[in-house]
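First up is the structure itself, then whatever we jot down about it.
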Amino acid sequence: MGNDYISYKCPSCNSENIQKASVLVSLGSKKLKATTVGVGGGSGGINAGIGLSGGAITSELAAKLSPPIKPQVKPISLWKYIIFPSLLLLSANGMVTGFLSNEIAGGIIFLGLFALIIYYGYFRWIPSWKQKQIHQEKEYTHALAQWEKTYFCLRCGSSFEISKQS
């Protein structure tokens, strides 16, 4: 441990003229807000107006070194709370109606459909959606951690991670 040190030099050109990527992104990104006021007059009287606008300016370097984009969480609530219960109710209704009207074949078909909807809904679709969300969050967290350790050489233009060397 005594011989470990961190080298703040570019591994490509050995320059010490480096900067952390997050600093370069913040320096190269600006948010703009503008307010416009106008007054005019004529035979109808005096008119006034006001306008608000805004935007962002990002340098090419800031765009190149930008952090990873956080994945958007897609809500499953529509499926879980509206569509899935509706399918269950419709298939249960068909099953009950089939058995009560002495149409055994129709009741059995709707019973199978009911079981299939439960199986795929609770044991396939919803768990796979949750696993996908967990996987995306882990990937994003890993990519963000790597980005936070990224440096940029202002001499040769290479990106790299600072690491301990013996």
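- Closest approach of C10 to F160, counting heavy atoms only: CA-CZ, 3.7 Å.
- Taking 4.5 Å as the limit, some side-chain heavy atom of P68 sits within range of a side-chain heavy atom of Y140.
- Contact of the F152 side chain with the Q19 side chain is not registered, since no non-hydrogen atoms from C-beta on lie closer than 4.5 Å.
- Cluster partners of L100 are V96, counting Ile, Leu, Val, Met, Phe, Trp and Tyr whose side-chain heavy atoms approach within less than 4.5 Å, directly or via other members.
- Counted within 6.0 Å of CD1 on I104, heavy atoms from surrounding residues, nucleotides or ligands total more than 12; the atom is thus considered enclosed.
- In the hydrophobic clustering of this structure, Y119 groups with L88; members are Ile, Leu, Val, Met, Phe, Trp, Tyr whose side-chain heavy atoms approach within less than 4.5 Å, directly or through other members.
- With sequence neighbours left out, E139 forms a side chain to side chain donor-acceptor pair (under 3.5 Å) with H135.
- L154 is listed as a side-chain neighbour of L24, based on a closest heavy-atom distance under 4.5 Å.
- Rounded to the nearest 0.5 angstrom, E103 CD and I109 CD1 are separated by 10.0 Å.
- Between F99 and F110, the closest side-chain pair of non-hydrogen atoms is not below 4.5 Å.
- Rounding to the nearest 0.5 Å gives a distance of 9.5 Å between CG of L27 and OG of S22.
- Under the 4.5 Å side-chain heavy-atom criterion for Ile, Leu, Val, Met, Phe, Trp and Tyr, F114 and Y120 are members of the same hydrophobic cluster.
- In the hydrophobic cluster analysis, where Ile, Leu, Val, Met, Phe, Trp and Tyr join through side-chain heavy atoms closer than 4.5 angstrom, L116 is grouped together with L111.
- For the pair H142 and Q146, the minimum side-chain heavy-atom distance is below 4.5 Å.
- Proximity of a side-chain donor or acceptor of W147 to a complementary backbone N or O of L65 within less than 3.5 Å is detected.
- Here the closest non-hydrogen pair linking A63 and S66 is O-OG, 3.0 Å.
- Nearest heavy-atom pair, R155 versus S15, reported as atom, atom and distance to 0.1 Å: CD-CB, 3.7 Å.
- A 4.5 Å side-chain heavy-atom check between I18 and I162 finds at least one atom pair inside the cut-off.
- Here the side chain of K20 pairs a donor or acceptor atom with the backbone of E148 at under 3.5 angstrom.
- The backbone N or O of G94 lies less than 3.5 Å from no partner atom in the side chain of T97, so there is not a single donor-acceptor pair.
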